[in-house]
Structure formats: structure tokens, C-alpha cells
> 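The structure is given below, and queries will be raised subsequently.
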2 protein chains.
Amino acid sequence: MKKFKDYEKLAIFAKAMAHPVRLEMLAHLSAHDYCYTGDLVDVFPLAQSTVSQHLKELKKAGLIQGKICPPKVRYCLDEENWKIAKELFEAFFKQKNV
Amino acid sequence: MKKFKDYEKLAIFAKAMAHPVRLEMLAHLSAHDYCYTGDLVDVFPLAQSTVSQHLKELKKAGLIQGKICPPKVRYCLDEENWKIAKELFEAFFKQKNV
DNA sequence: ATCGTTTATCGTAAATAAACGATGAATTTT
DNA sequence: AAAATTCATCGTTTATTTACGATAAACGAT
């Protein structure tokens, strides 16, 4: 059966993951439970604004969440969507028939 | 351990998959073993040149192969890279630690 | 040799992405 | 109240993506 709707969603997740820096960020969050923007600024050789922009992309796709903890912002994986993404990718690669 | 190299590769696969049309194309090839460009032009409401361009993207990422069968071109999944992509995504979503 | 079929490539326009520095908002510290 | 810290957003530049129509290339059929 056609699952175009799923592909829309899957494409959004794939797009968020379509950059090495964002994959590193996700991996970092997967490994560390949470982190602040500044932590990532220290890790990547990128301007603070660029790191922030990548985080925004990940948040837009729903893969991460940001919680304001003044004066910082604490990011963590969005476990629910992370699970959905995992399942969509799994299903996509599993399928071998319509 | 850091696997930056893998993230480069994974990002390339994710980028190729970051468009609903290309996901549909991959699904189509996954379901039909092979198809010609024209088959896809009939399926999608897109210009022939656009379909060809998407196929080029998928080929560039290594996810599909094209074989010239005059006067057509026959596309199929690149099984080897398809497997690699599948494994990279699996590993990525599985990891929960450094 | 010409014609029709099939597909890739070219050229172009509009949209989106990636990177940066500078600025601004929120909140804690002094 | 002022200063410092942390982070998002703005404005900009450059590059890439997406889509199209038009053209070119390759080849079989006539």
C-alpha cells in the first residue's frame, strides 16, 4: 500500500539527518542524555550562531527538545519522535514489497 | 568511539532520502526489482527532466544503479550500498552510548 | 539516411540551506 | 542598577536544491 504520508515524515527526519554536524549532535545527545548549547559550541569548530541554527533544524524536525534553564538552554532527544524516526527508517529498509 | 567517517556516509544517504519523491522512487525499486525512467515519469506528476534529476541524486549517493538497455535505462537498487545504508541507520538509532 | 523513442544534460529561476558576525533578550551575578 | 553570561535571531553572503522547458545524445525501426 502507498504510504506517502509516512514518506513526508520520513523525508523530514532524513533531511534533519542530512548533515554530519547534526548527526554528531544527535549522537552526542544520544550518549549524554542532555547538553547545553555551549557544550556543543565547544565541541564543533563552528560559530555559536551556526550551532544554534543546526539545533533549530533538529528541533524543527522534532528530533530534539529544548528546555530553558536560565541562563542556559538544555537540549535532549525527543524520545517519542526519535522512536518514530527509528521505526520509519526500519520499516523503510525492511520493505521489499508493496 | 567517534565515528565521524560513518556520519559523513550516513549524511550522504540521509540527504538522498531527504525528499518524498526520492523515497517513493526507492520504495518503487524496492518493490519492483527494476524499472525504467519512463515508468517513473508516468508515476510522478513531474517533468521528465526532474525525474531524471532525482534519479541522478540517488545514483550519486550510491543507492541505485542505472544500466543502459537501449533505448531505455534500467534502474535498480544498489543492493550493496542499500545494505550499508540500512546498517548505518540501524547502528545510528541503536547507539545509546559513546 | 531519416524518424521516433527514450533519457540525460543544459540553462534558468526560485527557494532553501549553511555559515558568519553583530545584535538583542533573558536571567544571574556583582 | 550595572555587568556578565548564555543563547536565539537578524542580516548577509555563498552554495545547493528543486523544478521546468529546451536541447542533445543514443539507438532501433523504417
Side-chain angles (χ1 to χ4, degrees), chain A residues 4 7-29 32 34-78, chain B residues 4 7-26 28-29 32-78:
Chain A
F4 197 82
Y7 291 156
E8 289 285 349
K9 193 73 178 161
L10 184 53
I12 287 170
F13 289 139
K15 192 173 175 185
M17 293 172 62
H19 195 294
V21 165
R22 289 196 293 267
L23 289 174
E24 290 271 3
M25 286 177 169
L26 290 171
H28 189 93
L29 286 174
H32 292 86
Y34 68 89
C35 73
Y36 302 98
T37 308
D39 300 340
L40 297 175
V41 173
D42 294 338
V43 171
F44 297 101
L46 294 170
Q48 177 265 324
S49 58
T50 304
V51 169
S52 188
Q53 206 167 295
H54 279 302
L55 286 168
K56 191 180 178 182
E57 287 298 311
L58 290 172
K59 201 164 75 178
K60 194 178 73 182
L63 291 175
I64 66 172
Q65 289 177 340
K67 185 175 182 299
I68 297 176
C69 300
K72 302 187 178 184
V73 176
R74 206 176 81 166
Y75 284 98
C76 61
L77 287 186
D78 183 316
Chain B
F4 197 83
Y7 291 156
E8 289 285 350
K9 192 75 178 158
L10 184 53
I12 287 170
F13 289 140
K15 193 173 175 186
M17 294 172 62
H19 195 294
V21 165
R22 289 196 292 268
L23 289 174
E24 290 271 4
M25 287 176 168
L26 290 171
H28 189 93
L29 287 174
H32 292 85
D33 284 2
Y34 69 88
C35 74
Y36 303 98
T37 308
D39 300 340
L40 298 173
V41 173
D42 294 339
V43 171
F44 297 101
L46 294 169
Q48 176 267 324
S49 58
T50 304
V51 169
S52 187
Q53 208 167 294
H54 279 302
L55 286 169
K56 190 179 176 181
E57 287 299 310
L58 290 173
K59 202 165 73 176
K60 194 177 75 182
L63 290 174
I64 66 173
Q65 289 176 341
K67 184 176 181 299
I68 297 175
C69 301
K72 303 187 178 185
V73 176
R74 206 175 82 165
Y75 283 98
C76 61
L77 288 185
D78 183 317

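First the proteins, then the strands, lettered A, B, ... as listed; each starts at 1. Side-chain atoms are counted along with the backbone in the values below, which use heavy atoms only and exclude waters and symmetry mates.
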> Among D:dA19, C:dT27, D:dA8, find the nucleotide with the atom closest to the side chain of B:Thr50.
D:dA19

> On DNA chain C, compare the nucleotides closest to A:Ala18 and B:Val73; which residue's is nearer the 5' end?
B:Val73

> Where the side chain of A:Arg22 is defined as all heavy atoms beyond and including C-beta, which of D:dT17, D:dT9, C:dA18 is the nearest nucleotide?
C:dA18

> Do A:Val41 and A:Leu46 have side chains that approach each other closer than 4.5 Å (heavy atoms only, starting at C-beta)?
no

> Name the closest nucleotide to the B:Lys15 side chain, picking from D:dT16, D:dC7, C:dA17.
D:dT16

> Report the distance from atom NZ of B:Lys56 to atom C1' of D:dT16, rounded to the nearest whole Å.
13 Å

> Yes or no on side chain to side chain contact (heavy atoms under 4.5 Å, CB included) for A:Val73 and A:Tyr36, after CA distance, side-chain angles and deciding distance?
CA-CA 6 Å; A:Val73 176; A:Tyr36 302 98; 5.9 Å; no

> Counting side-chain heavy atoms from CB outward, which of C:dC20, C:dT28, D:dA19 is closest to B:His19?
D:dA19

> Should stems be defined as at least three consecutive Watson-Crick or G-U pairs with both distances under 3.5 angstrom, which of them involve DNA chain D?
C:1-30 with D:1-30

> Check step by step if side chain to side chain contact (heavy atoms under 4.5 Å, CB included) holds for B:Leu77 and B:Leu63.
CA-CA 6 Å; B:Leu77 288 185; B:Leu63 290 174; 5.8 Å; no

> Whole angstrom is fine here: how far is it from CE in B:Met17 over to C1' in D:dT17?
18 Å

> Can you find a pair of side-chain heavy atoms, one from A:Gln65 and one from A:Lys59, that are under 4.5 Å apart?
no

> Establish whether the base of C:dA19 is bridged to the side chain of A:Gln53 by a donor-acceptor pair shorter than 3.5 Å.
yes

> Would you indicate which nucleotide in C:dA19, C:dT7, D:dT6 comes nearest to any side-chain atom of B:Thr37?
C:dT7

> DNA chain C: A:Pro71 or A:Gln48, which has the more 5' nearest nucleotide?
A:Gln48

> Among D:dG21, D:dA19, C:dA8, find the nucleotide with the atom closest to the side chain of B:Tyr75.
C:dA8

> Would you kindly give the CZ-to-P distance between A:Arg74 and C:dT27, to the nearest whole Å?
17 Å

